[in-house]
Amino acid sequence: MKLNRRQLATAGAAAFAGIAGGAWWLTREDEPKGASSQIDLVAGAYAGDPHTSMPDLLAMLSITGGMPKRTNLILRLFDLEGVSLGVGSKPLVSITNLISGEVSTDITLVEKDDHWQLDQSAVDGNGWWQVAVIVDDLTAIWTFMLPDPNLTGLDTPPKVETDPQAEAMLAAALDVLTQRTSLRWWEWLSGGNASIILAQFSVTTPASNGQPDSFENRSLMAGRIPLDGTAPTFRDEELRSVTVGDTAVSITGAGTPAPSTPTTYLPISEYDTTYAGYDGVHFGTTTRINDVDCQLVAFHLPGITPAWFAFWIETESLTLRELFMHSVNHYMHWVYFDIDEPFVLSLT
């Protein structure tokens, strides 16, 4: 069976369930029906681009309410072992609506024991929101959607009418994606339960480097910082699996590669099938990524487990640079890089 990239992310979350306490959709008696009363998202705080380095600190954004004008945000800081850093620092916070482009920096941080309550009125509409925190020249960013179906129920995100121009841009960008010869993507993933997964995936084809088709899954960090007083849990060593043609190895930390079963992965030429059946395609704001103009295109993917996506697409080349995914107990950010570069994946 070929695993598409959405399935790879889900498989990664499932493999992590022992640490992350993988949660599945539940129902509650109160209305509206959501699986959770609070979402805790752990992200890295970085001095540079997240896909080029490891975090210097960890930050947790806790979200309650999940409806516009009824969303509360709490910020916590931790070291890389999950130990609270308290409120000794003074973060700067901005909140951006990625659909309208409105930015609010008038955010008051109210100290509460070991955390800050973000006193804000900015989160006042439906759609995609981004919270950015700067502390001691380190930046942590969270991107999420409101209404949040994990807090308010799967039926609460409103249906959006498709914009034909946005749909055309999305379709063209997916077509461009299928024509790549190689690429890497960095992943941040959380179940909303104070867990964090950082990973990097790489794919090459003979057209990129003259080598057999190759795939690498490199797990960079996996852990959870519970808020119930129990100890944080992090995996001790980095895990890496590499498939080159019909040969595959798995590597733990600096250990010796061990033979393993080759990963059956979706070829680049079929990446568009991951998003087949989308609806509600619409434009958001624009930004510059690596000095290139990019347009946000958001859409909904229906199914037994619905999902919502937001893509940053280069306006001229239609290259997909970044994507955000919001689904049931699933918050994800991907950054694409080394696109069409002739890098080689090694079995050692």
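The figures here come from the full heavy-atom set of this structure, side chains too, leaving out hydrogens, waters and symmetry mates.
With Pro147 as reference, Thr152 is the one residue of Thr152, Thr71, Asp155 to meet the side chain to side chain contact (heavy atoms under 4.5 Å, CB included) rule. When Arg240, Glu238, Arg235 are each tested for a side chain to side chain donor-acceptor pair (under 3.5 Å) with Ser219, only one passes: Arg235. No option in Trp128, Phe311, Phe324 other than Phe311 meets the ring-ring contact (aromatic ring centres under 6.0 Å, His included) test with Phe299.
Nearest heavy atom pair, residue Ala173 against residue Ile313, reads CB-CD1, 3.7 Å. Considering all non-hydrogen atoms of both residues, Trp116 and Val87 come closest at CZ2-CA, 3.3 Å. Heavy-atom minimum distance, Val131 versus Phe144: CG2-CE2, 3.8 Å. Nearest heavy atom pair, residue Ser36 against residue Asn329, reads OG-OD1, 4.3 Å. In terms of heavy atoms, Pro157 sits closest to Trp308 at CG-CZ2, 3.6 Å.
At least one side-chain heavy atom of Thr305 sits under 4.5 Å from a side-chain heavy atom of Ser327. Within the 4.5 Å cutoff, side-chain heavy atoms of Asp175 are placed close to those of Thr178. The side-chain heavy atoms of Pro91 and Leu75, taken from C-beta on, include a pair separated by under 4.5 Å. The closest side-chain heavy-atom distance from Tyr331 to Met145 is not below 4.5 Å. The closest side-chain heavy-atom distance from Ser104 to Asn97 is not below 4.5 Å. Between Ile289 and Trp312 the shortest side-chain heavy-atom distance falls below 4.5 Å.
No side-chain N or O of Ser241 forms a donor-acceptor pair with one of Arg218 less than 3.5 Å apart. Looking at Thr181 and Asp340, their side chains do bring a donor and an acceptor atom within 3.5 Å of each other. No side-chain donor-acceptor contact under 3.5 Å links Asp137 and Tyr46. Side-chain contact check for Asp148 and His326: at least one donor-acceptor pair (N or O, by modelled atom type) lies under 3.5 Å. Thr143 and Gln130 share a side-chain donor-acceptor pair at under 3.5 Å. Inspection of the Asn217 and Tyr265 side chains reveals no N or O donor paired with an N or O acceptor under 3.5 Å. In the model, Asp40 has a side-chain atom that pairs as donor or acceptor with a side-chain atom of Ser62 under 3.5 Å. A donor-acceptor contact closer than 3.5 angstrom links the side chains of Thr230 and Asp228. A donor atom on one side chain and an acceptor atom on the other are not found under 3.5 Å apart for Asp163 and His282.
The side-chain contact (heavy atoms from CB on, under 4.5 Å) search around Glu237 returns Thr252, not counting sequence neighbours.
For Gln120 (side chain) and Ala122 (main-chain N/O), a donor-acceptor pair under 3.5 Å exists by modelled atom type. Ser53 places no side-chain N or O within 3.5 Å of a backbone atom of Pro50 that could act as its donor or acceptor partner. At distances below 3.5 Å, at least one donor-acceptor pair connects side-chain atoms of Thr243 with backbone N or O atoms of Thr263. In terms of modelled atom types and a separation under 3.5 Å, the side chain of Thr162 and the main chain of Pro164 share no donor-acceptor contact. Checking side-chain atoms of Glu216 against main-chain N and O of Val203 turns up no donor-acceptor pair under 3.5 Å. A distance-only check finds a donor-acceptor pair linking the side chain of Ser317 to the backbone of Thr319 [under 3.5 Å]. Side chain of Asp136 to main chain of Leu138: no donor-acceptor pair is present (N/O by atom type, distance under 3.5 Å, no hydrogens or angles). Checked by atom type and distance alone, the side chain of Ser190 pairs as donor or acceptor with a backbone atom of Ser195 at under 3.5 Å.
The distance from atom NE2 of His300 to atom NZ of Lys159, rounded to the nearest 0.5 Å, is 6.0 Å. Rounded to the nearest 0.5 Å, atoms CE (Met67) and CG (Leu146) are 8.5 Å apart.
More than 12 heavy atoms of other residues, nucleotides or ligands shown are found within 6.0 angstrom of CD on Gln179. Under a cut-off of 6.0 angstrom, the local environment of CD in Gln165 is sparse, with at most 12 non-hydrogen atoms contributed by other residues, nucleotides or ligands.
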List the steps and the verdict of ring pair (Phe, Tyr, Trp, His ring centres under 6.0 Å) for Phe309 and Tyr275. CA-CA 9 Å; Phe309 291 87; Tyr275 310 101; 5.3 Å; yes
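A cation-pi arrangement is absent between Arg224 and Phe234, since the terminal nitrogen or guanidinium carbon is not both under 6.0 Å from the aromatic centre and inside a 45° cone about the axis.
Two rings, from Trp186 and His333, have their centers less than 6.0 Å apart.
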